[in-house]
Amino acid sequence: MQIPPVIRISVRPLVEYVYRSGSIVAGFRTASSMQEGTRIHQEIQRDYQPGDRKELHLNTELAQDGLLFQLEGRCDGLIWEDEQWTVDEIKSYTGTASAPGADGHTVHWAQAICYAYMVSVSEQLMAVQVQLTYVDVATGSVSRLRRKLSAAELEEQVRRILSAYAPYVRMLLAHEEQRNRSIRMLEFPFAQYRAGQRRLAGAVYKTVEEGADLFVQAPTGIGKTISTMFPAVKALVTEHAGRIMYLTARTTTRAAAEDALRLMQSQGLRVHAVTITAKDKICFKEEQGCDAGQCSLCEGYYDRVNHAVMDILEHETIMTREILERYARKHRVCPFEFSLDVAYASDCIICDYNYVFDPRISLKRWLEEQKRKTILLVDEAHNLVDRSREMFSAELSKRPFLELKRAYKQRSGGVATAASQVNNYFIKLRKELPSSGAITRGELPEELLSLLEPFVDVAERELLAMGAGGADADHALLLESYFAVQNCLRIAGLYDERYVTYIEQNSSDVILRLMCLDPSKLLERSVKSYRSAVYFSATLRPLAYYRELLGADEDDYTLTVPSPFRQEQWDVRLLPVSTRYHARQQSIRPITELLTRLVQERKGNYLVFFPSYTYLRDIALAFEQMGTDAELLVQSSGMTEEERTAFLDRFQPDPPRSLMGMAVLGGVFSEGVDLPGERLHGVVVVGVGLPQVGEQRDVLKDYYQREGKNGFYYAYVYPGMNKVLQAGGRLIRTLQDYGLLVLVDDRFMQEPYASLLPEEWRTYRIISPSSELDHSVERNSHEL
């Protein structure tokens with residue numbers, strides 16, 4: 001006799017899948033609803049009698065449609081009254097939009113009935129009374145709905161629920177069998193490993209097997225994406241792993257992950273992989289707002305989405321933005337929400353860092369058990385340091401509260417008064433600020449926090465009263481301010497010795513920032529519930545610095561992979577002029593002469609990187625005035641994805657004339673861009689990439705200095721040189737590539753900059769502004 005597959009599932013996601021219906025409603029939901037719900041549950045349960053049970057964990061097994069379901073859940077209460085057991089399911093609601101109808105919500109009844117069935121089995125009862133207890137958060141009023149069902153009726157309804165869920169499960173099981181079979185047969189998708197790739201792949205697999213974390217410094221061009229993705233995929237058939245999250249900071253690196261999956265798919269792999277694109281980018285924007293009343297894709301979304309998910313999972317494997325959009329149009333569903341629903345059923349999710357690390361944004365429906373079997377692959381991990389500082393920081397300014405005070409003076413006295421009090425606090429702060437500059441404090445602004453909590457209360461009441469309709473500019477400002485305040489209160493709960501309160505005046509506004517200086521502990525906490533995290537980059541240099549800031553534990557692994565490229569592939573030159581801010585005007589002429597000589601002596605495609613847009617534009621203008629035949633491409637701030645693609649598409653082999661592309665260090669073209677072979681002949685990096693000197697960077701410097709580190713290195717040198725290494729890394733991408741790299745700055749000959757250069761860059765030729773490129777003096781930085 002064939003043993004049926006075992007499906008373990010909690011009651012709530014089961015009934016939500018089967019019975020959820022209706023529209024996406026953008027109506028306001030309070031951030032404190034979970035805490036309110038807990039409080040209300042406790043108040044109701046306080047009235048239970050001795051012998052009644054609360055928060056009762058239940059589980060049972062039931063075979064249905066050839067599957068063995070292991071149901072589990074936690075019911076709010078089991079009450080003995082009127083000589084019978086009653087299962088009590090407590091639900092709180094706010095406003096008319098979420099209020100129960102006369103007969104209650106179908107999902108709530110289904111959830112309670114499943115609990116009642118499990119009670120009837122465990123207690124061997126002939127019948128159980130089912131009760132829904134609804135509590136209005138605003139008024140505290142309680143209403144109850146009851147049904148008494150026999151054990152047979154309970155079983156019949158549970159079987160009906162499981163039958164409705166079974167087709168989805170069978171599809172996932174069939175996919176899992178096919179996936180596992182394809183993974184077991186999968187070989188590395190190249191005839192041979194590049195130098196270092198096998199070692200990296202083995203380290204990733206071992207890390208996942210042991211449930212540890214791994215920090216990898218591996219050079220650009222080694223094939224880090226396939227070397228990390230391949231072993232992670234192979235781990236999916238083990239007991240240790242069930243899902244991969246490939247985390248990136250840029251769209252270009254997401255494309256690399258998709259390409260790696262396509263490559264393995266061409267070798268027989270079959271996995272479900274989905275790319276999550278930011279809501280504002282994937283939205284079709286056919287209507288004015290993201291709400292059932294304004295967007296037809298939100299209207300009735302939950303009536304259509306299950307079929308849409310089944311359709312795409314049955315017919316697609318690698319679900320890119322374009323494929324998701326096609327199915328979203330076919331089924332008339334919101335593409336962003338659709339991508340999230342698909343993600344919960346996928347083997348691999350390609351998305352931004354914030355879906356794991358940002359406390360405001362995450363995949364909320366994941367169970368802890370699912371997280372424990374999830375592998376995190378963190379690409380270009382050097383970016384996570386500054387990104388996480390932003391995620392774990394919060395900012396408020398005076399201006400919105402002054403505007404709210406004025407806007408709500410006649411409309412809502414409570415909002416106006418609360419906003420006025422916050423505005424007055426900022427006025428007092430402004431008087432403490434120096435005429436120029438900022439002040440930094442090492443403690444929470446307790447007075448401000450005490451004013452923000454009343455603001456939250458009155459804002460919630462006003463926003464709930466407004467609902468989804470009647471929105472206007474004042475409502476939008478209140479909503480935006482409400483979320484900013486809630487984030488500030490949330491970050492205040494994380495505040496410790498790794499934070500400062502930073503206050504500055506900007507024009508007529510006053511800005512207060514709870515500023516995270518050291519995100520390491522918070523990052524460590526974020527990944528603790530996952531199976532393994534693999535942090536990799538070409539520029540985790542120095543490795544000890546990034547291990548420290550990314551929250552490495554002393555037991556976590558470190559791997560440094562040597563470059564697979566030969567020294568002769570790199571033709572490295574150094575132009576020792578000063579590009580320091582005070583000397584930039586004097587540097588324009590020698591740099592322009594260098595670039596002019598470059599395109600005249602060596603026809604090809606070149607990328608030149610500058611520390612700022614202003615510097616870039618000055619050089620571009622001077623270069624144009626030289627009257628060369630070269631085509632000039634200049635990066636502008638705020639380029640769209642289409643404009644970025646068009647920029648890179650101009651770099652094609654065998655150009656009729658030289659192409660000179662100018663971009664900024666640390667920008668979209670200095671990382672994750674792959675122009676192999678004859679698409680790129682040379683790279684020029686102008687400056688050592690130091691962040692602009694400023695008050696906030698100096699706060700970082702002072703913090704690490706107090707921690708016993710070299711504060712200048714931590715705040716300026718290491719982040720700056722990282723940009724240099726990334727930009728220069730665009731040049732050599734394959735074992736067949738050759739190219740010219742020119743470093744422009746005399747500091748590259750000095751410490752600590754010289755020792756931070758990769759080994760293959762340290763043998764260079766020093767050139768003068770007037771010398772020909774092929775007549776220069778060779779120098780090795782080891783000699784310095």
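All values derive from a computational prediction rather than experimental measurement. What's counted below: heavy atoms across the whole structure, side chains too, no hydrogens, waters or symmetry copies.
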Engineer: Relative to each other, are the rings of Y714 and Y718 parallel, tilted or perpendicular (30° and 60° limits)?
Structural biologist: tilted
Engineer: Using every non-hydrogen atom in the two residues, find where S520 and E548 come nearest and quote the distance to one decimal.
Structural biologist: CB-O, 3.1 Å
Engineer: Is it true that, when you exclude R198 itself, more than 12 heavy atoms of the residues, nucleotides or ligands shown sit nearer than 6.0 Å to its CZ?
Structural biologist: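 No, the 6.0 Å shell around CZ holds no more than 12 heavy atoms from other groups.
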Engineer: In terms of side-chain geometry, is the basic nitrogen of E593 or R589 positioned less than 4.0 Å from the acidic oxygen of its partner?
Structural biologist: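 A salt bridge is present here (some side-chain N lies under 4.0 Å from a carboxylate O).
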Engineer: Roughly how far, to the nearest 0.5 Å, is CZ of F357 from CG of L522?
Structural biologist: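 So the CG of L522 and the CZ of F357 are separated by 11.5 Å.
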Engineer: Which atoms form the tightest heavy-atom contact between P335 and I282, and what is the distance?
Structural biologist: CG-O, 3.4 Å
Engineer: Taking atom CZ of F536 and atom NE2 of H382, what is their separation to the nearest 0.5 Å?
Structural biologist: 11.5 Å
Engineer: How many angstroms lie between CD1 in I591 and CD in Q586, if you round to the nearest 0.5 Å?
Structural biologist: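 Between I591 CD1 and Q586 CD, I get 11.0 Å after rounding to 0.5 Å.
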Engineer: On a heavy-atom basis, which atom in I226 and which in P231 lie closest, and how many Å separate them?
Structural biologist: O-CD, 4.0 Å
Engineer: Suppose we call two aromatic rings close when their centres sit under 6.0 Å apart. Are Y546 and F215 close by that rule?
Structural biologist: no
Engineer: When rounded to the nearest 0.5 angstrom, what is the spacing between CE in M229 and CG in D259?
Structural biologist: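 The distance works out to 10.5 Å.
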Engineer: For R541 and L756, work out which heavy atoms get closest and say how close.
Structural biologist: CD-O, 3.0 Å
Engineer: Under a 4.0 Å threshold between the charged nitrogen and the carboxylate oxygen, would E325 count as salt-bridged to R321?
Structural biologist: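 Counted as a salt bridge, because a side-chain N and a carboxylate O are separated by less than 4.0 Å.
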Engineer: Under a 4.0 Å N-O cut-off, is there an ion pair linking R697 with D386?
Structural biologist: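 Judged by the 4.0 Å cut-off on N to carboxylate O distance, R697 and D386 do form a salt bridge.
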Engineer: With side-chain hydrogen bond (donor to acceptor under 3.5 Å, both in side chains) as the criterion, how do S755 and E751 come out once you've worked through the C-alpha distance, each side chain's angles and the decisive distance to 0.1 Å?
Structural biologist: CA-CA 6 Å; S755 60; E751 291 299 340; 2.7 Å; yes
Engineer: Start with the C-alpha gap between Q635 and Y613, add the side-chain angles, then the distance that decides, and say whether side-chain hydrogen bond (donor to acceptor under 3.5 Å, both in side chains) holds.
Structural biologist: CA-CA 8 Å; Q635 178 186 358; Y613 280 107; 3.2 Å; yes
Engineer: Check the pair Y615 / S587 against side-chain hydrogen bond (donor to acceptor under 3.5 Å, both in side chains), numbers first and verdict last.
Structural biologist: CA-CA 10 Å; Y615 201 9; S587 72; 2.4 Å; yes
Engineer: Looking at D618 and R584, does any basic side-chain N land under 4.0 Å from a carboxylate oxygen?
Structural biologist: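 Salt bridge flag = no for R584 with D618.
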Engineer: Are E390 and R360 close enough for a salt bridge, meaning some N to O gap below 4.0 Å?
Structural biologist: no
Engineer: Is the shortest distance from a Lys or Arg side-chain nitrogen in D746 or R580 to a carboxylate oxygen in the other one below 4.0 Å?
Structural biologist: yes
Engineer: For K709, is there an ion pair with D518 - N to carboxylate O distance below 4.0 angstrom?
Structural biologist: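 No, D518 and K709 are not salt-bridged.
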Engineer: Looking only at heavy atoms, what is the nearest atom pair of N722 and T539, with distance?
Structural biologist: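 Nearest heavy atoms, N722 then T539: ND2-O, 2.6 Å.
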Engineer: If you measure from the Lys or Arg side-chain nitrogens to the Asp or Glu carboxylate oxygens, is any gap between E671 and R250 under 4.0 Å?
Structural biologist: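 A salt bridge is present here (some side-chain N lies under 4.0 Å from a carboxylate O).
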Engineer: In Å, rounded to the nearest 0.5 Å, how long is the span from CD1 of I276 to CG of D352?
Structural biologist: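 Answer for the CD1-CG pair, I276 versus D352, is 10.0 Å.
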